[in-house]
**Q** 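Pasting a structure below so you can have a look.
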Amino acid sequence: MLSKLKAVLFSPELNFRARIFNMLALTGFLVSMSIFAISFIIGTSALNSAVLLSCAILSGVLLIYSIKSGNYYICCIITAIFIFMIIFPILFFTAGAFLSGMPCFFVFATTFTLFMLEGRVGIVLAVLEIFIYVASCMLALAYPEFVEWFPDSESIMMDVITGFSISSISLGTAMFVQLRLYNSQQKKLEEAMTEANQSNKAKGIFLANMSHEIRTPINVILGTNELINRSTDPEEIHEYTSVIQNSGDHLLSIINNILDVTQIESGKIITASRPYRTDSLLSELASIGSRLCTAKGLKFIPNISHETMSMLEGDKNHLRQIITNFISNAVKYTEQGSVTLFAETIDNHDSTALLRISVTDTGVGISEKEMKTLFENFHRGTKAIESAVEGTGLGLAISKDLADSMGGRLIVSSNENNGSTFGIELNQKICDSSPIGEIQLTPDDKTCSDSFIAPNCHILAIDDNRENLTVIKMLLERTMITVDTALDGKTATDMVDKRDYDLIFLDYMMPDMDGIETLKALREKGLPESTPVIALTAEALAGSEEKFLAAGFTSYLSKPVSWHDLEKTLISLLPKDKVTINSVSEEVIPDEEVKSLSEKVRKYDINLESGISYLSGSITRFCSLAEIFADGYEKNHEKVRNLFDTDYTSLAFEIHSLKSASKGVGALSLFEQANELEKRLHDKDYEYAANAKELLLFEWKRAADGMNLLISALPQTKPEELTGNINSTTLEQQIKKGLDEHIWLETQNALRQLSEIETNPEKIKQLNYIAEFVDELDFASAQTLFRQYRRKQ
C-alpha cells in the first residue's frame with residue numbers, strides 16, 4: 001500500500017514541484033486532521049475545530065485533484081489564497097495569536113508560495129500574505145479580545161513546539177529533496193557534458209582524419225591534372241582533364257560542406273569582408289550556371305540589372321558559395337525548362353547598398369510540409385530521394401548559417417511542381433557606385449605563369465604518401481629547385497643532419513611521428529630556427545592555422561595545394577639572393593638569333609630548346625639561369641672532385657643537385673650521367689662511382705663552357721629589374737603587360753611601386769583593390785579596374 005502511494009505521489013516522471021506539492025499537501029492533510037482530533041478531544045472552540053477540519057478537507061481535495069489532473073500550479077494558487085490568506089489568519093486568532101506556533105506557519109506559507117509559484121504571481125501572492133500576517137499581528141495586539149488565548153504556558157509551549165516542528169520538517173524535507181534532485185541533475189548534466197565533449201572531440205578527430213584521407217588523393221588528382229594541362233595541347237586531352245578537374249572540385253566541395261557544418265556548429269565560422277567587383281562575382285556565377293544547365297539541356301537566363309553597382313565590400317567567397325548552392329540545387333531539381341540568375345543593388349543612402357541575388361527554376365518545387373524542415377542539416381526532400389538526386393543535404397543549411405553570419409536574409413518561395421526561388425539579401429558597403437552596364441558572362445581562365453626560378457635552393461618535402469611527394473617535385477620542376485623527399489620523420493631527421501635546406505614542407509598527419517613531433521625532432525637535431533618549415537595538411541578545420549603556428553611552423557598550406565599558393569609561399573620564404581624573378585619587361589630575341597645560339601651550344605651537349613621549355617620559352621630567363629649554372633661550376637667542381645675520394649654520402653646530395661640543374665639548362669648528357677651516378681650511389685656501388693668520376697666532371701665542364709658562350713653571345717639579355725627610379729608610365733606599361741600575360745608576381749611588384757609614388761589617396765586605394773584581384777588570380781577584374789584607373793588620370 002505504501003509503495004503504491006509512493007509511486008503515485010512521488011513518481012520520478014512527475015515534475016519536481018508537483019512532487020513537493022504532493023508531499024506538503026499530504027503533510028497538511030495529516031497535520032490538520034491530527035490537530036483537529038486533538039482539539040476536539042481537549043474541547044477547543046467550535047470555530048477552531050471547524051477551521052482545522054476545513055483545512056484538512058481542502059488539502060485532501062487539492063491533493064486528489066493534483067494527482068488526477070496534473071495541474072499542480074492551480075492547486076498551489078488555491079492553497080495560497082484559501083489556506084494561507086484565509087484559513088491561517090483565522091487559526092491565528094482562534095489559537096493563541098502571536099503566543100502560539102502560528103507565526104511559524106506564516107513563515108512556512110510565505111516560503112512555500114515563493115518556492116512553488118514562479119515569476120510575478122509568486123511574488124505578488126507572497127507580498128499579500130506578508131501584508132495579511134503583519135496586519136493580523138497588529139490587530140491582535142490592538143484588540144486582544146478578538147483572540148482565543150491559550151489558558152497556560154504549557155499549552156503555549158506545546159503549540160509553539162508543534163508549529164516550528166511541523167514547519168521545519170516540511171520546509172527541511174522540501175529543501176532536502178530539492179538539493180538531492182539538484183545534485184542528481186547536476187551530476188547527469190556533467191556526465192552529459194562530458195559525453196558531449198567527448199563526442200565533439202571524436203567528431204573533430206573523425207572529420208580531421210576523413211579530411212586527410214580524402215584530400216590526399218584529391219591533392220594527387222588535381223596536382224597531376226594541372227601538370228597535364230601544362231604539358232599537353234591537344235583539345236581532346238584538355239577535355240578529359242576538364243572532367244577530372246570538375247569531378248575533383250565537386251568532391252572537394254562536398255568535403256568543405258561537411259567541414260563548414262562542423263565550424264558553424266562550434267561557432268568558429270569566420271567571415272571576411274573585402275572589396276570585390278560585382279561583375280566578376282556575377283560572371284563567375286553565370287559561368288557556373290551556364291555550364292551546369294548546358295550539361296543537362298536546360299536554358300540558363302542571366303537577368304543582371306545594368307544598374308548594379310560596380311564594387312562592393314563584403315564576404316565574396318561565402319556569398320559565391322551560397323549562390324552556387326542555389327544554382328546547383330536548381331539544376332538538380334529541374335528536368336526541363338530554365339534556370340534564371342537575377343541580381344541587383346539598391347542604394348540605402350548611408351554608404352551601403354542592399355545586394356539581392358536570387359536563382360529561379362522551373363523544377364519540381366517544394367511542398368508546404370517540407371518547407372518547414374528545408375534548412376536542417378542532412379535533410380533531403382522526398383523529391384530528391386524519389387529522383388535519386390545526388391547530394392549531402394547540407395547546402396541549404398550551410399547557406400542559411402552563412403547568411404546569418406553575414407547579417408543577410410534568405411529569400412525562399414516555392415510551389416510544388418511549379419518551381420522554386422532561392423536568394424539572399426544583404427547589406428554591403430559601397431566602394432564604387434557606378435553601374436556595371438553590360439558584363440562579360442564568361443570569365444577568363446585564372447591561370448598563372450611561372451614567375452621565378454631558384455636553381456641554388458634545396459628544399460625537403462616530408463610526406464608518408466609517395467604520390468604527394470611526386471606531385472610536389474613535378475610542380476616545382478620548372479623552378480629548378482632541388483627537392484629531396486622523405487616518407488617519415490625519422491628519415492627526415494637523418495637527412496637534415498647531413499645537409500642544409502632552405503625550406504621544408506612537412507605533412508602533418510603521418511604514422512609513428514606526426515608533423516609536430518617531427519618538427520620537434522628536426523629542431524633538436526640542429527635544424528636552424530631560421531629555416532622555414534611549412535605544414536602540409538588536409539586538416540581544414542577552424543583553428544588549424546593557430547595550432548600549427550603555435551607548434552612552431554612558419555606557415556601552412558591546405559591540401560589540395562594550389563600552384564599559386566605554393567608559388568607565393570616559396571617566393572616569400574626562400575632566401576632572396578637565391579631566387580630569380582621572371583620579369584614582365586623582357587627583351588625580345590629574334591627567332592633567327594635563338595636558332596643560331598642553339599646551334600652554337602649543341603656541340604657542348606646542350607639542348608637549348610629543352611632548357612627554355614622550362615621557362616615558358618624565354619631565352620632571356622634562360623641566360624639568367626646559365627649564369628647561375630656557370631657560377632655553380634666555378635664554386636663547386638673542386639668540392640665534388642674531392643668528395644669522390646672522401647665522402648660518398650655527401651657526394652650523393654651534390655650529384656642530386658647537379659642532376660636537377662643540368663636538366664634545367666638542357667645539358668642532357670650531364671643530366672643522364674648525374675642521374676645514373678645518383679642511382680649507383682644510392683645502391684652503394686662505389687666502384688662504378690670511382691670510374692664515372694672523370695666522365696662526369698668532363699661533361700660538367702663542357703656544359704659550363706657552353707653556358708659561358710651563351711652568356712657572352714647575349715650580354716644584354718638579362719631581364720631588367722624594377723628600380724626605385726622607374727617612372728609611373730613605365731610601371732603602368734609593366735602592369736598592363738603583366739595583367740595581359742597573367743604574370744602574378746611582377747604585376748604585384750609594379751603595383752606596389754606605383755602605389756608608393758602615387759599621391760592621390762583614392763588612386764592608391766584603387767591600386768590596392770587591383771592588387772587584391774591579382775592576388776586571387778582574377779586578372780579579368782584587375783584589368784577592368786586598371787582601365788578605370790588609367791582613364792581617371
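One-based numbering along the sequence shown. As the structure is a prediction and not an experimental result, all values here were calculated from the model. Computation of the quantities below employed the complete heavy-atom set of this structure, encompassing side-chain atoms and omitting hydrogens, waters and symmetry-equivalent molecules.
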**Q** Tell me whether Asp488 contacts the main-chain N or O of Thr491 through its side chain, where contact means a donor paired with an acceptor under 3.5 Å.
**A** yes
**Q** Applying side-chain contact (heavy atoms from CB on, under 4.5 Å), run through Lys316 and Arg274 and close with a yes or a no.
**A** CA-CA 7 Å; Lys316 176 186 175 183; Arg274 297 177 62 187; over 6 Å; no
**Q** Any idea which heavy atoms bring Ala692 and Leu677 closest together, and the distance?
**A** CB-CD1, 4.5 Å
**Q** Take Asp645 and Lys693 through the side-chain contact (heavy atoms from CB on, under 4.5 Å) test and state the conclusion after the steps.
**A** CA-CA 10 Å; Asp645 301 323; Lys693 170 183 173 182; 3.7 Å; yes
**Q** Heavy-atom distance under 4.5 Å between the side chains of Leu557 and Phe505, does that happen here?
**A** yes
**Q** Salt bridge or not between Glu732 and Lys736? Use side-chain N to carboxylate O under 4.0 Å.
**A** no
**Q** Where do Lys701 and Leu697 land on the side-chain contact (heavy atoms from CB on, under 4.5 Å) test, with the steps shown first?
**A** CA-CA 6 Å; Lys701 182 179 185 306; Leu697 294 173; over 6 Å; no
**Q** Between Glu694 and Arg641 (salt bridge meaning N to carboxylate O under 4.0 Å), is one present in this structure?
**A** yes
**Q** Please check this pair: side chain of Arg602 against backbone of Asn607, looking for a donor-acceptor N/O pair closer than 3.5 Å.
**A** no
**Q** For the residue pair Leu709 and Lys600, what are the closest heavy atoms and their distance?
**A** CD2-O, 3.9 Å
**Q** On the 0 to 90° scale, with breaks at 30° and 60°, tag the Tyr648-Tyr686 ring pair as parallel, tilted or perpendicular.
**A** parallel
**Q** If you look at every heavy atom in Tyr501 and Ile459, which pair is closest and at what distance?
**A** CD2-C, 3.6 Å
**Q** Ignoring hydrogens and angles, tell me if any N or O in the side chain of Lys576 forms a donor-acceptor pair with the backbone of Ile571 under 3.5 Å.
**A** yes
**Q** Distance check, rounded to the nearest 0.5 Å: Asp484 atom CG versus Met495 atom CE?
**A** 4.5 Å
**Q** CZ/Phe629 to CG/Asn456 distance, rounded to the nearest 0.5 angstrom?
**A** 11.0 Å
**Q** Give me the atom names and distance for the closest heavy-atom approach of Ser290 to Thr294.
**A** O-OG1, 2.7 Å
**Q** Mind checking whether Gln766 and Glu758 have side chains closer than 4.5 Å, heavy atoms only?
**A** no
**Q** Is there a donor-acceptor contact under 3.5 Å from the side chain of Asp605 to the main chain of Ala667?
**A** no
**Q** Is a donor on one side and an acceptor on the other found under 3.5 Å between the side chain of Asn642 and the backbone of Glu638?
**A** yes
**Q** Could you pull out the closest heavy-atom pair between Gly489 and Met510, with the gap in Å?
**A** N-CE, 4.2 Å
**Q** Okay, side chain of Ser287, backbone of Ser283: is any donor-acceptor separation there less than 3.5 Å?
**A** no
**Q** Does the side chain of Thr747 come within less than 4.5 Å of Ile735's, by heavy atoms?
**A** yes
**Q** Please report the interatomic distance CD1(Ile481) to CG(Leu570), rounded to the nearest 0.5 Å.
**A** 5.0 Å
**Q** Is there a donor-acceptor pair closer than 3.5 Å between any side-chain N or O of Thr554 and the backbone N or O of Val533?
**A** yes
**Q** Calculate, to the nearest 0.5 Å, the distance between atoms CD1 and OG belonging to Ile606 and Ser669 respectively.
**A** 10.0 Å
**Q** Heavy-atom distance under 4.5 Å between the side chains of Thr531 and Val496, does that happen here?
**A** no
**Q** Surrounding CG of Asp500 (heavy atoms of other residues, nucleotides or ligands, distance under 6.0 Å), is the total greater than 12?
**A** no
**Q** Indicate yes or no: at least one non-hydrogen side-chain atom of Leu658 is less than 4.5 angstrom from one of Asn636.
**A** no
**Q** More than 12 foreign heavy atoms under 6.0 Å from CD of Glu687: is that the case here?
**A** no
**Q** In plain terms, say whether Arg277 and Asp279 are close enough for a salt bridge, that is, a side-chain N and a carboxylate O under 4.0 Å apart.
**A** yes
**Q** So which atom in Ala486 and which in Leu469 form the shortest heavy-atom distance, rounded to 0.1 Å?
**A** O-CD1, 3.8 Å
**Q** Do NZ/NE/NH1/NH2 and the carboxylate oxygens of Lys679 and Asp683 come within less than 4.0 Å?
**A** no
**Q** Evaluate the side-chain proximity of Arg702 to Leu670: yes if any heavy-atom separation is below 4.5 Å, no if none is.
**A** no
**Q** Kindly determine whether Asn768 and Ser755 satisfy side-chain contact (heavy atoms from CB on, under 4.5 Å), including the steps that lead there.
**A** CA-CA 8 Å; Asn768 290 335; Ser755 296; 4.1 Å; yes
**Q** When rounded to the nearest 0.5 angstrom, what distance separates NZ in Lys659 from CD in Glu678?
**A** 4.0 Å
**Q** Can you name the residues that form a side chain to side chain contact (heavy atoms under 4.5 Å, CB included) with Ala535, not counting sequence neighbours?
**A** Phe548, Phe553, Tyr556
**Q** Between CG of Asp631 and CG of Asn708, what distance do you get to the nearest 0.5 Å?
**A** 10.0 Å
**Q** Does this structure show an ion pair linking Asp494 with Lys490, if we count only N-O contacts that are shorter than 4.0 Å?
**A** yes
**Q** Taking the side chain as every heavy atom from C-beta outward, state whether Tyr276 and Arg320 have any atom pair closer than 4.5 Å.
**A** no
**Q** Mind checking whether Gln734 and Leu754 have side chains closer than 4.5 Å, heavy atoms only?
**A** no
**Q** Given Leu536, which partner from the list Ile472, Leu506, Leu566 fulfils the side chain to side chain contact (heavy atoms under 4.5 Å, CB included) test?
**A** Ile472
